[in-house]
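For reference, the structure is listed below as structure tokens.
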Protein chains: 2
Amino acid sequence: MKKLRIGIIGMGNMGSDHAKKLINGTITEVELTAVSDMDEMRLTASKTYLPETFGYFTSAEELIDSGLCDAVIIATPHYDHPRLAIQAFSRGLHVLCEKPAGVYTKQVREMNEKAQESGVVFCMMFNQRTNPMYRKMRELVQGGELGAIKRVNWIITDWYRTQAYYDSGSWRATWAGEGGGVLINQCPHNIDLLQWICGMPSKVRAFCHEGKWHDIEVEDDVTAYLEFPNGSTGVFVTTTADLPGTNRLEITLEMGKLVCEHGKLTLHKLSQNERDYCFKSKEGFTNPSVEVSVVPAEGDNSQHMGIIASFAKAILHGTPLIADGEEGIHSLMLSNAMHLSSWIGETVEFPIDEDLYLYELKKRISSSKRK
Amino acid sequence: MKKLRIGIIGMGNMGSDHAKKLINGTITEVELTAVSDMDEMRLTASKTYLPETFGYFTSAEELIDSGLCDAVIIATPHYDHPRLAIQAFSRGLHVLCEKPAGVYTKQVREMNEKAQESGVVFCMMFNQRTNPMYRKMRELVQGGELGAIKRVNWIITDWYRTQAYYDSGSWRATWAGEGGGVLINQCPHNIDLLQWICGMPSKVRAFCHEGKWHDIEVEDDVTAYLEFPNGSTGVFVTTTADLPGTNRLEITLEMGKLVCEHGKLTLHKLSQNERDYCFKSKEGFTNPSVEVSVVPAEGDNSQHMGIIASFAKAILHGTPLIADGEEGIHSLMLSNAMHLSSWIGETVEFPIDEDLYLYELKKRISSSKRK
């Protein structure tokens with residue numbers, strides 16, 4: 001059997017986690033062959049669980065040029081994702097990129113162009129898409145049997161972080177080091193799932209509070225109001241300071257309501273389409289009958305390994321990816337839109353003004369604590 | 001025992017409901033003595049369950065001047081509340097007014113002034129304040145043992161109404177007839193509870209959608225973002241078109257979280273104040289222990305009769321009201337702020353510009369379907 005030879009760039013929390021799993025042969029079609037990190041200490045640490053006869057590099061460029069890898073996983077801080085991905089593409093390597101793809105959409109658009117030019121596979125690590133509950137929600141919403149969406153409400157406030165977390169790296173929670181706070185670090189998964197399940201909004205008005213709960217310069221508290229092309233509305237609330245946090249995603253549709261909370265997906269299904277019922281009923285206070293059920297959504301919750309396996313399959317067998325590089329643009333544009341709306345104090349329409357976003361971001365970078 | 005002689009002005013749904021309960025002696029200290037309605041049919045209908053020797057009037061003025069009543073309950077359409085209340089005050093009658101007190105705050109301020117001048121009792125029918133769960137929430141939040149509020153989220157979308165409901169009266173859901181939609185007709189209770197439990201916000205940015213789900217000219221879909229004086233934020237979502245609707249009130253505080261849903265109040269209580277913990281913890285991803293419990297909140301849920309009884313007690317014995325006339329201003333200002341913010345497309349600060357609100361409302365009244 002042909003195996004995909006993979007290298008990991010960046011051996012921080014995520015990179016080393018992937019390495020430990022891959023070296024155990026978790027994915028039969030993948031062979032981990034090399035790792036790189038600018039930090040010698042991290043490389044040394046990785047030698048305790050990785051084979052001696054292996055590619056160890058202190059620069060991503062050396063790993064890319066080593067001839068040891070057909071593909072790379074990029075797990076460095078966000079700002080380096082685009083540059084490294086483009087470098088890998090130019091050498092004909094396939095790329096699986098940790099979220100977010102970049103800090104602003106212009107970069108990610110360029111990444112996609114370069115991947116296409118090189119004819120390689122560009123995949124995004126949106127591992128939450130492997131969660132059977134979210135897969136089921138998407139299937140039910142996109143399948144159409146519940147009719148059009150009317151309202152979405154996601155309270156996703158279970159991203160608690162202490163001040164010690166933010167103090168653990170000088171790049172953390174700075175405009176120059178990360179390009180944002182909870183939206184760019186913790187929430188890319190949720191924002192991706194939101195657009196994956198419900199589609200992209202057409203407008204957003206967000207209220208981001210910077211350094212509200214922690215001694216940081218970026219946002220740690222966000223409330224965003226969304227409008228979708230079909231007129232439905234939504235609310236997205238997140239923070240890293242609520243305890244205990246909430247993770248409750250509610251989607252109301254013409255045929256009922258889906259609620260995902262406490263690891264359970266509940267469907268409230270109407271016997272009739274509400275939109276028809278509303279205008280046909282002769283009574284003012286009645287409603288069609290409702291059937292409530294817990295939707296079975298067990299299946300495989302393969303997370304990161306599921307994404308890596310599908311990445312390998314796409315390269316080796318041409319099967320579809322769970323999240324391709326284009327998907328990196330959507331969620332990032334939505335997150336950028338929330339930042340921009342809050343910065344200018346106005347509703348922002350999609351596609352957003354990318355130049356204005358970048359101008360506003362650069363202003364913040366120039367006065368960032370970490371320059 | 002001295003009894004309070006009460007008359008009811010307006011024998012629609014609410015008025016006739018109160019009459020049926022009061023005539024059965026539900027409240028020992030209250031004697032129902034008279035009713036009035038401009039509609040003869042309604043008066044005739046009321047004679048089937050009210051005594052023959054009783055005051056029946058086709059005008060509120062006659063009832064007020066009849067000498068049969070010490071106090072009146074005003075249960076007419078909203079726009080008439082201020083005029084009738086002021087008339088009753090000027091004749092020395094106490095007033096219990098259905099919600100909302102009026103359609104704009106200027107009116108309600110005048111009502112309060114007139115009540116004070118006459119030295120009579122002015123009470124608001126905020127009967128949801130008798131719900132033990134909301135009483136308990138208020139006690140826990142205002143009591144201070146949970147620390148300061150950090151976030152509020154109320155999804156209150158279980159006000160379903162069909163088009164037939166709106167078609168049942170030509171005044172319904174018109175600017176001229178009601179002065180608003182779901183905010184002024186269905187939600188005054190929720191808006192009152194919100195400010196009663198959490199205090200008044202300092203800012204609001206609302207998104208009201210008019211005639212979105214029904215053939216009406218006023219709003220039937222609202223999302224509002226709130227900011228409170230202490231910096232905490234909130235979201236209030238309501239509509240008359242979601243099926244099945246949701247009624248979920250979540251309040252996050254420094255010491256944990258309260259969630260009121262499915263007729264159950266759950267407290268998630270932290271062993272330490274999160275604000276202290278955040279800065280003292282040496283770890284990035286830890287949190288203090290949490291104790292989850294269902295808060296006993298059974299007690300008496302006396303609703304309208306509870307308010308009427310407390311109204312009588314306040315007059316006869318000088319005890320405090322559950323909701324006095326001043327309380328009619330707060331919730332109405334919050335509801336007016338949501339309308340105004342949406343109309344002008346901007347964040348509105350409290351106290352709101354009442355003249356601007358009235359100017360904008362009058363524009364809508366002048367082009368209302370019902371003039």
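Letters A, B, ... mirror the listed sequences (proteins, then strands); counts begin at 1. Worth saying up front: this structure is predicted, and the values here are computed from it rather than measured.
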Smallest separation among heavy atoms of [X] and [Y], with atom names:
{"X": "B/Ser281", "Y": "A/Ala164", "value": "O-CB, 3.4 Å"}
{"X": "A/Pro244", "Y": "B/Gly256", "value": "CD-CA, 4.2 Å"}
{"X": "A/Asp215", "Y": "B/Phe279", "value": "N-CE2, 4.2 Å"}
{"X": "B/Ser232", "Y": "A/Lys212", "value": "CA-NZ, 4.1 Å"}

(request) Check whether any side-chain heavy atom of B/Leu243 lies under 4.5 Å from a side-chain heavy atom of A/Val290, and answer yes or no. (result) no
(request) Compare all side-chain heavy atoms of B/Lys282 with those of A/Gln163 and state whether any distance is below 4.5 angstrom. (result) no
(request) Take atom CG of A/Asn230 as the centre, draw a 6.0 Å sphere, and report whether it contains more than 12 heavy atoms from other residues, nucleotides or ligands. (result) yes
(request) Describe, in one word, how the ring planes of A/Phe285 and B/Tyr165 are oriented to each other, choosing from parallel (under 30°), tilted (30 to 60°) and perpendicular (over 60°). (result) perpendicular
(message) For the interface with chain B, which of A/Ser168, A/Ala241, A/Gly231 has the highest count of heavy-atom pairs at distances below 4.5 Å?
(response) A/Ala241
(request) Considering only heavy atoms and a distance below 4.5 Å, find which of A/Val259, A/Thr252, A/Thr286 pairs most often with chain B. (result) A/Thr252
(request) Measure the CD-OG1 distance between B/Glu227 and A/Thr223 for me, rounded to the nearest 0.5 Å. (result) 8.5 Å
(request) To the nearest 0.5 angstrom, please state how far the CD1 atom of B/Ile155 sits from the CZ atom of A/Arg151. (result) 9.0 Å
Most chain A-contacting option - heavy-atom pairs closer than 4.5 Å, from [options]:
{"options": "B/Thr157, B/Asp167, B/Thr246", "result": "B/Thr246"}
{"options": "B/Tyr160, B/Tyr225, B/Tyr166", "result": "B/Tyr225"}
{"options": "B/Arg275, B/Arg205, B/Glu283", "result": "B/Arg275"}
{"options": "B/Arg248, B/His209, B/Lys269", "result": "B/Arg248"}

(message) Is B/Glu250 in contact with chain A via its backbone, its side chain, both, or neither, using a 4.5 Å heavy-atom distance?
(response) side chain
(message) Can you tell me which portion of B/Thr347 sits under 4.5 Å from chain A's heavy atoms? Options are side chain, backbone, both or neither.
(response) side chain
(message) Under 4.0 Å between a side-chain nitrogen and a carboxylate oxygen: does that hold for A/Lys257 and B/Asp242?
(response) no
(request) Please determine if B/Asp221 and A/Lys150 form a salt bridge, counting it only when a charged side-chain N lies under 4.0 Å from a carboxylate O. (result) no
(message) Does B/Glu274 form a side-chain contact (heavy atoms from CB on, under 4.5 Å) with A/Thr162? I'd like the steps, not just the answer.
(response) CA-CA 9 Å; B/Glu274 183 282 319; A/Thr162 64; over 6 Å; no
(message) So for A/Val292, is it side chain, backbone, both, or neither that comes closer than 4.5 Å to the heavy atoms of chain B?
(response) neither
